[in-house]
Amino acid sequence: MLDGARFPLELPSASPARRTATALVNQLDDYLLPRLAQLDAPLLVVVGGSTGAGKSTLVNSLVQARVSAAGVLRPTTRSPVLVCNPADSAWFRQGDLLPGLTRTNEPSEDPGTLQLVNAPALPPGLAFLDAPDIDSVVDANRTLAGQLLSAADLWLFVTTAARYADAVPWELLRTAQARGTVIVMVLDRVPPEAIDEVAAHLSEMLAEQDLGSAPLFVLPETQVDGQGMLPDWATLPMATWFSRLAADADARTAVIRQTLDGALAALLPTLEELAAAADEQTAAAEALDERVRAAYRSGHRTVEQGLRDGRLLRGEVLARWQEFVGTGEFFRSLEARIGRLRDRLVATVTRRPAPAAELRTAIESQLVTLLRGVAAEAAENAYTGCRAHPAGAELFPAELAHPSDDLPERAERLVRDWQRGVLELVRAEGGDKRFVARTAAYAVNATGLAVMIAVFASTAFIPTGAEVATGAGTTVAAQAVLQAIFGDQAVRTLAAKARADLLKRVRTLLDEEAARFLTRTEQARPEPATAAELRGAAAWVEVTRRHSGLIEAAPTPTEGTGT
Ligand SMILES: Nc1nc2c(ncn2[C@@H]2O[C@H](COP(=O)(O)OP(=O)(O)OP(=O)(O)O)[C@@H](O)[C@H]2O)c(=O)[nH]1
Ligand SMILES: [Mg+2]
C-alpha cells in the first residue's frame, strides 16, 4: 500500500516524503511485519555505537567465543554478525527479519550480508547482532547501522569514556527514547581512576534526556586476553542481566512489546506526514492543471470575442467581400442560374481566382491567423504559469511554451472543415420552404459565404450597411437585397449555428493543445487514493496495536458533556 505512495512533483515536501516513505517501507519489511507475525521469536539485541568502542570485543566476551573480528583498524566491523543459540538459528536464517541481507556462514566484508554464528554458550531466546559503527566515516556502515538498529528489540548502546558526549549517538538515542525503544547503555573502557566521575556525568546526561531508567553498565579498561576477550569479572554483571532476561519469557515479551509498540506508534505521525505530503501533491497537480486550463480558456474567449467584435471583418476579408459583392457576382449567383460555371469562366478569362474563391481563402487565412495567435499566446501563458509553480519548474519541457509543430496545418484543416460544414448547413436548411424561395440550391456557395460573413459580424452589427456592403458598383437595389439577406431570420439562425460549430471546433483544437500539459501532470500525479490509503494504514496500525494486545483498548467515551 505504501509502494504506491509516490511523491513525483518536486514540491519542498516531496524529497523528505520520499525518504520517509522508503525508510518506513524498509522498517516494515525489516522488522515490524516479521515481528508482528511472530511475537515469540527470539529477542534480538543490536549492539551499536561508535567505532572502536569495543562492540565486537564485548559481543565475543558475552557469548564466550570469537564470533566477530575485533581489530585495531577502524572501522573493523563492516558487515553485521548475528550470534544466537543453535535452537534459534532457523528463525534468523529463514530471513523474515532483515530480508534484504543475504545470510552467510563465513565472515564477510559485504554490507549486504548477515553472518550467522551459533554460540551454544548463549541461552535460547536471546540473540546478539554486532553492527558496524553508527557514526562511521563509511557511508554504507552508517546506513546499515541505522537499518539494523531499527530491526532491534533492544538497543545495546556501547560508548566509551572518550566518546560518550559525541552528538550522533545522542541523536539516535533521543529518537529511540522518543519512540519507547528499550535501551541498555554500556560505558566501556573507562580508566579505573575516572570511573566515578565519567559514570556520574553520563548518568546525568541520560537523566536529562529522560533516559535515566535505561540500565547502565560501566566496564573499566582492562587487558584483553590472548583471544581478545575481556576478563569474566568485567562482563559478569552484564552477562547476568542478559541471562536473567533470557530465562524470563515474560520479561522478554515485555521488552519486545515495548519496542514494537513504540515503533508502531511512531508510524502514526509518519503516516500523517506522508498523507499531508500526498495531499500537497494532489493539490499541486490540480493547481498546475488549473493554470493550463485558464490559459486555454482565455484563448477560447479571445476567439469568441474576435467573432463578436467584428475585428475579423477588416482588411483582406472586407476587401474580398466588397469585391465579391461589388462585382455583382454575389447577386448574380443568387439571381441568375449560372452558378459555379460562371465562377470558372471568370477565372479562366481574367486569369485570376473568382472573387468567391478569394473571399473564402481570405476568410480561411484570417481565421487561421487568429487561431495561431491564440494558440501561441495560450501556450506561452500556460508554460510561464506552470513554471512559476514550484511543482512545475521541472515538469514541462521548453517546447511547450510554443504551440505544437503541426498546429498551423491543424488550424487550416479546422477552418476548411468548418467552411465545408457551413455549406452543408446551408444546403440542409435549403429544405426550408421560405428560405429556398430566396436562395436556390445553386446559390449555396454565395449564401454560405454570406453566412460566414454574418458569423464574423457582431450580433449588433449585421453587415447590411455601407461599412460592409458598399463596393464599387453596388446599387441601391443590391443594398436592399443584402439587407434582406442579412436581416433574414433564416440567415441569422444559420450564422448562429455556424458560429457555435466554429467555436466547438476551436475548443477541440485548444483542448488538444492543453492536453500536452495535462498529460504530463497526469503522469506525475500521485494515485488519487494515496493520501486516503496512508490514513487508512494509520487506522490499521491502531487496530493492530490493540489486537496484538500492545496497548490497552481505548476507554469508551463517556456520554454527555458532563460539567
Ligand atoms: N585494552 C583493551 N582493549 C580493548 C577493550 N575493548 C576493546 N579493545 C580493543 O579495541 C580495539 C577495538 O575494539 P572492537 O571490539 O573491534 O571495537 P568495535 O566497537 O567493534 O569497532 P568497529 O567494529 O570498528 O565499530 C580492538 O583492538 C580491541 O581489542 C578493552 O576493554 N581493553
Ligand atoms: Mg566491531
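Order of listing sets the numbers, starting from 1, for every ligand and every atom in it.
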Counting non-hydrogen protein atoms only, what is the nearest one to atom 31 (O) of ligand 1? Give residue, atom name and distance. Leu230 CD2, 3.3 Å

How far is atom 17 (O) of ligand 1 from its nearest protein heavy atom, and which residue and atom is that? Gly54 N, 3.2 Å

Distance-minimising heavy-atom pair for Ala131 and Leu148: CB-CD1, 3.7 Å

For atom 25 (O) of ligand 1, what is the closest protein heavy atom, and at what distance to 0.1 Å? Lys55 NZ, 2.7 Å

Can you list the atoms of ligand 1 that are under 4.0 Å from a heavy atom of Asp133? 25 (O)

Look at the side chain of Asp88 and the backbone N and O of Pro42, then say whether any donor-acceptor pair between them is shorter than 3.5 Å. no

I'd like to know if the side chain of Thr104 pairs up with that of Gln115 as donor and acceptor (distance under 3.5 Å, no hydrogens or angles considered). no

Determine whether the aromatic ring centres of residues Tyr383 and Phe517 are separated by less than 6.0 angstrom. no

Closest non-hydrogen protein atom to atom 14 (P) of ligand 1, residue and atom name please, with distance? Thr57 OG1, 3.7 Å

Have Gln94 and Asp96 got a donor and an acceptor in their side chains that come within less than 3.5 Å? yes

Minimum-distance pair of heavy atoms, taken over all atoms of Gly112 and Asp110: N-OD1, 2.7 Å

Restricting to heavy atoms, the pick from Asp135, Ile134, Thr51 nearest atom 24 (O) of ligand 1 would be Thr51

Restricting to heavy atoms, the pick from Ala131, Ala70, Gly71 nearest atom 27 (O) of ligand 1 would be Gly71

Please identify which atoms of ligand 1 are closer than 4.0 Å to at least one heavy atom of Pro75. 24 (O)

Are any of the N/O atoms on Asp130, whether in the backbone or the side chain, positioned under 3.5 angstrom from an N/O atom of ligand 1? no

What protein heavy atom sits nearest atom 32 (N) of ligand 1, and how far away is it? Thr222 O, 2.7 Å

Of all the non-hydrogen atoms in the protein, which one sits nearest to atom 21 (O) of ligand 1, and at what distance? Gly52 N, 2.9 Å

Looking only at distances, please establish whether an N/O atom of ligand 1 is found under 3.5 Å from an N/O atom of Ala53. yes

With the Mg ion (ligand 2) at the center, what angle do OG1 from Thr77 and OG from Ser56 span, rounded to 10 degrees? 90°

Salt-bridge test for Asp279 and Arg535: reply yes if a basic N is under 4.0 Å from a carboxylate O, no otherwise. yes

Would you say the side chain of Leu271 lies within less than 4.5 Å of the side chain of Leu24, judging by non-hydrogen atoms? yes

Under 3.5 Å, is there a donor on one side chain and an acceptor on the other for Ser56 and Thr77? yes

Is the contact between Arg189 and ligand 1 made by the side chain, the backbone, both, or neither, using heavy atoms and a 4.0 Å cut-off? side chain

